[in-house]
Amino acid sequence: MTTNAKINAGGRLQAMSPDRQAFFLLRTVFTIAPILFGLDKFTNILTDWTIYLAPVATAVVPVSAQTFMYIVGVVEIIAGIAVAVHPRFGSLLVAVWLLGIIINLLVLGSFYDVALRDFGLLVGALALNRLSPGSWRRHGK
């Protein structure tokens with residue numbers, strides 16, 4: 001694999017390879033976004049998150065929609081931290097979480113645009129998993 005990295009006179013690497021750049025971009029986004037969205041479940045500044053919740057969710061977990069969103073917020077914060085600390089595992093946690101969100105939206109029968117966006121994010125989380133350092137060792141890089 002060719003890289004754009006060059007070593008300067010002081011022996012320092014001037015630029016990361018494109019795959020490492022992609023890894024750091026995805027890791028940053030999948031750390032910050034879940035934490036911010038998780039925190040917003042407690043404030044509802046961005047939106048009223050309960051409108052995205054299918055009624056069947058509160059039928060399965062017998063709590064109010066807002067309490068359910070508090071639980072969702074905690075899980076999202078944990079997922080963001082997991083990506084920061086262990087991106088190979090955290091990225092899979094985020095991907096599974098996004099799949100759950102997509103299923104919820106499909107069951108709700110609404111917000112198909114958000115479900116499609118979240119599918120794109122799911123693919124990005126899987127790409128982060130493939131770019132994670134543990135994946136490189138496993139595949140002979």
Side-chain angles (χ1 to χ4, degrees), residues 1-8 10-141:
M1 168 177 21
T2 62
T3 67
N4 294 335
K6 294 182 174 57
I7 306 221
N8 67 16
R12 298 191 67 207
L13 196 59
Q14 290 181 327
M16 288 187 282
S17 63
D19 57 339
R20 294 300 294 158
Q21 291 174 19
F23 168 77
F24 282 109
L25 285 169
L26 290 169
R27 181 178 174 189
T28 300
V29 167
F30 284 110
T31 295
I32 294 172
I35 292 172
L36 290 178
F37 286 129
L39 290 172
D40 195 60
K41 299 301 188 288
F42 295 91
T43 63
N44 290 312
I45 292 171
L46 296 174
T47 189
D48 174 10
W49 292 101
T50 60
I51 66 171
Y52 296 102
L53 186 62
V56 70
T58 54
V60 172
V61 180
V63 296
S64 70
Q66 187 58 55
T67 300
F68 194 96
M69 283 297 135
Y70 293 151
I71 296 166
V72 167
V74 170
V75 172
E76 288 175 338
I77 292 166
I78 291 169
I81 293 168
V83 170
V85 174
H86 197 306
R88 194 169 123 209
F89 166 75
S91 60
L92 291 177
L93 178 60
V94 168
V96 169
W97 189 248
L98 286 164
L99 180 61
I101 293 169
I102 293 165
I103 291 168
N104 170 75
L105 293 172
L106 295 176
V107 168
L108 184 61
S110 185
F111 302 110
Y112 296 118
D113 56 331
V114 177
L116 181 60
R117 180 212 57 203
D118 285 351
F119 177 75
L121 290 171
L122 185 152
V123 171
L126 293 176
L128 174 59
N129 178 265
R130 299 296 297 149
L131 290 169
S132 294
S135 298
W136 297 340
R137 286 191 296 275
R138 191 175 55 229
H139 299 305
K141 282 193 173 189

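Values below: every heavy atom of this structure, side chains too, minus hydrogens, waters and symmetry copies.
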Give the minimum heavy-atom separation between [X] and [Y], together with the two atoms involved.
| X | Y | value |
| --- | --- | --- |
| Ala82 | Leu93 | CB-CD2, 4.2 Å |
| Ser91 | Asn129 | OG-CB, 3.1 Å |
| Pro133 | Arg20 | CG-NH1, 3.9 Å |
| Leu122 | Ala95 | CD1-O, 3.4 Å |
| Ala22 | Leu131 | CB-CD1, 3.8 Å |
| Ile102 | Ala115 | CG1-O, 3.7 Å |

Do [X] and [Y] make a side-chain contact, defined as non-hydrogen atoms from C-beta onward lying under 4.5 Å apart?
| X | Y | answer |
| --- | --- | --- |
| Phe23 | Pro87 | yes |
| Leu36 | Ile32 | yes |
| Val72 | Trp97 | yes |

Is it true that atom CZ of Phe111 has more than 12 heavy atoms of other residues, nucleotides or ligands lying nearer than 6.0 Å? yes

Give the intermediate values and the outcome of side chain to side chain contact (heavy atoms under 4.5 Å, CB included) for residues Phe89 and Val83. CA-CA 7 Å; Phe89 166 75; Val83 170; over 6 Å; no

Residues pairing under salt bridge (Lys or Arg N to Asp or Glu O under 4.0 Å) where one sits in residues 58-71, two or more places apart or in two chains, turn out to be none

With sequence neighbours excluded, give me every salt bridge (Lys or Arg N to Asp or Glu O under 4.0 Å) pair touching residues 104-129. none

Supply the atom-to-atom distance Leu116 CG to Leu105 CG, rounded to the nearest 0.5 angstrom. 11.0 Å

Could you state the interatomic distance from CG (Leu121) to CG (Leu128), rounded to the nearest 0.5 Å? 12.0 Å

So which of Val96, Ile101, Ile103 actually passes side-chain contact (heavy atoms from CB on, under 4.5 Å) with Leu99? Ile103

Who passes ring-ring contact (aromatic ring centres under 6.0 Å, His included) against Phe42, sequence neighbours left out? Tyr70

Applying ring-ring contact (aromatic ring centres under 6.0 Å, His included), can you list everything that pairs with Phe24, at least two apart in sequence or on another chain? none

Can I get a per-line list of side-chain donor-acceptor pairs under 3.5 Å for residues 49-68, giving both atom names and the distance, sequence neighbours left out?
residue : atom : partner : partner atom : Å
Trp49   : NE1  : Asp40   : OD2          : 2.7
Thr50   : OG1  : Asp48   : OD1          : 2.7
Thr50   : OG1  : Asp48   : OD2          : 3.3
Thr58   : OG1  : Pro55   : O            : 3.1
Ser64   : OG   : Thr67   : N            : 3.1
Ser64   : OG   : Thr67   : OG1          : 2.9
Gln66   : OE1  : Asn44   : ND2          : 3.2
Gln66   : NE2  : Lys41   : O            : 3.1

Which residues pass the side chain to side chain contact (heavy atoms under 4.5 Å, CB included) test with Ile81, sequence neighbours left out? Ile35, Ile77, Val85

